[in-house]
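Contents: one structure, followed by commentary.
Whatever order the structure lists them in is the order used to number ligands and atoms, beginning at 1. Keep in mind that what you see is a predicted model, and the values were worked out from it rather than measured.
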Amino acid sequence: MDGQVKGLRGRVDLRVSIGSLDLKNPVLLASGTCGYGAEIEDFVNLEDLGAIVVKGISLEPRQGNPPPRLAETPCGLLNAIGLENVGVEAFIKEKLPWLRERGITTIVNILGNSADEYEELARRLAGNKGIHGLEINISCPNVKKGGVAFGTDPQQAAEVTKRVVAATDLPVIVKLSPNVADICAIAVAVQEAGATAVSLINTLLGMAIDIEQRRPVLGNIFGGLSGPAIKPVALRMVWQVVRCVDIPVIGIGGITTHVDALEFLMAGACAIQIGTANLIDPTAPVKVVQGVIDFMQENNYFSLQALKISS
Ligand SMILES: Cc1cc2nc3c(=O)[nH]c(=O)nc-3n(C[C@H](O)[C@H](O)[C@H](O)COP(=O)(O)O)c2cc1C
């Protein structure tokens with residue numbers, strides 16, 4: 001990788017527009033796996049990627065769940081971080097300037113315990129330079145109050161979306177939970193409420209038990225499963241949602257290589273996010289960009305649109 005990835009590489013056009021959000025390529029870093037950017041600067045040039053989605057931000061700082069918070073599973077990772085974060089004021093003062101000074105396309109993931117909190121977050125973030133979009137996390141399974149209810153009920157998901165959309169001019173991406181019976185019902189509801197795009201999936205609710213100790217491994221008992229284990233589920237949901245909404249769909253879940261990314265792009269995703277793979281190899285997203293370019297050049301696909309399976 002030469003550190004010079006631009007939207008156009010040879011005859012391959014990787015640029016993506018999501019509402020007013022223009023991305024030089026479709027590879028984004030998923031929230032919670034890349035901190036606020038500075039944490040991974042030694043490993044990856046963020047300017048080579050489409051955008052960073054920063055760690056979920058709440059109105060007040062959050063301590064997160066009691067340890068242990070992580071457990072490895074076959075082909076996956078269980079996390080119960082509990083949305084630890086610095087809070088919106090510290091984010092604006094201490095974290096955002098670093099991203100802004102470097103011109104990094106930044107999407108802020110937000111979480112609240114009520115529609116009022118989501119609206120207030122959108123309002124406080126709206127006027128700040130250096131923020132290019134909001135991603136509403138209505139899907140985290142770790143929070144005992146609030147989050148899980150919004151993501152599993154179409155009416156509540158729509159209400160939160162409506163409130164955020166009204167409070168900002170920024171593009172609003174709604175991040176969907178896979179822990180529902182009918183993901184299309186939620187996707188359609190948030191589209192009707194004004195979402196610019198949807199991203200999916202967040203983690204799948206799971207658990208692990210330590211048989212020697214005879215107790216759950218995670219301090220929170222349940223956690224969110226991510227990584228390659230969830231990719232087939234994520235791909236199936238992205239395929240379904242692409243075919244039931246008209247807004248752009250961002251694919252997330254177990255993407256580790258360019259082959260994974262191409263599967264999501266062929267399913268109809270306009271862009272993809274990489275999460276757990278960053279924790280194993282922080283250079284994975286840059287390798288994915290290069291792998292997608294090579295595949296497209298070798299197979300004469302000149303636009304991301306051309307990759308999509310139409311049926
Ligand atoms: C350690 C960890 C922390 C996460 N924190 C957040 C978060 O703050 N907000 C959010 O919307 N998703 C969060 N996620 C979910 C990821 O952004 C992503 O949706 C999920 O892990 C699936 O993608 P992956 O399989 O590529 O990791 C987190 C995931 C992990 C593993």
TODO: Check Glu89, Glu60, Glu117 against Arg124 for a salt bridge (charged side-chain N to carboxylate O under 4.0 Å, His left out) and give me the one that passes.
DONE: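 The residue from Glu89, Glu60, Glu117 that satisfies salt bridge (charged side-chain N to carboxylate O under 4.0 Å, His left out) with Arg124 turns out to be Glu89.
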Open item on the list: I'd like to know whether ligand 1 has Ile201 as a neighbour, heavy-atom separation below 4.0 Å.
Closed with: yes
TODO: Looking only at non-hydrogen atoms, find the nearest pair between Cys34 and Leu29 and report the distance.
DONE: SG-CB, 3.6 Å
Task: Smallest separation among heavy atoms of Ala167 and Ala122, with atom names - done: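 In terms of heavy atoms, the two residues are closest at CB-CB, 3.9 Å.
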Open item on the list: Students often mix this up, so state it plainly: with edges at 30° and 60°, are the rings of Phe295 and Tyr301 parallel, tilted or perpendicular?
Closed with: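 The arrangement is parallel - the two ring planes meet at less than 30°.
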Task: Atoms in ligand 1 flagged as close to Gly56, the criterion being non-hydrogen separation under 4.0 Å - done: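 Listed by number with element, the hits are 8 (O).
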Open item on the list: At less than 4.0 angstrom from any non-hydrogen atom of Ala30, what atoms of ligand 1 do you find?
Closed with: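 Here the atoms of ligand 1 in question are 17 (O).
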Open item on the list: I'd like to know if Lys231 and Asp260 make a salt bridge, using a cut-off of under 4.0 Å between side-chain N and carboxylate O.
Closed with: yes
Hey, does [X] come in under 3.5 Å of ligand 1, counting only N/O atoms on both sides?
| X | value |
| --- | --- |
| Gly227 | yes |
| Thr276 | yes |
| Glu135 | no |
| Ala277 | no |
| Gly254 | yes |
| Leu83 | no |
| Asn79 | no |
| Ile252 | no |

Open item on the list: Once rounded to the nearest 0.5 Å, what's the spacing between atom CG of Asn113 and atom CG of Leu59?
Closed with: 9.0 Å
Task: Separation of Lys175 NZ from Leu134 CG (nearest 0.5 Å) - done: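 Between atom CG of Leu134 and atom NZ of Lys175 there are 14.0 Å.
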Select the closest option to [atom] among [options], judged by heavy-atom distance.
| atom | options | result |
| --- | --- | --- |
| atom 10 (C) of ligand 1 | Lys55, Lys175, Lys231, Gln273 | Lys175 |
| atom 1 (C) of ligand 1 | Gly223, Ser226, Gly64, Gly32 | Gly32 |
| atom 14 (N) of ligand 1 | Ser177, Ser31, Ala234 | Ser31 |
| atom 11 (O) of ligand 1 | Asn109, Leu225, Val53, Thr203 | Asn109 |

Task: ligand 1 contact on Asn202 by region, counting heavy-atom pairs under 4.0 Å - done: both
Open item on the list: Quick check on side-chain hydrogen bond (donor to acceptor under 3.5 Å, both in side chains): which of Arg62, Gln63, Arg69 does Glu84 satisfy it with?
Closed with: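 Going through the options one by one, the only one that passes is Arg69.
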TODO: Please say which of Ile18, Val238, Leu200 ends up in a side chain to side chain contact (heavy atoms under 4.5 Å, CB included) with Ile250.
DONE: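 Filter result, single survivor: Ile18.
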Task: Between Asn85 and Ser58: side-chain donor-acceptor atoms closer than 3.5 Å - done: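 A donor-acceptor contact under 3.5 Å links the two side chains.
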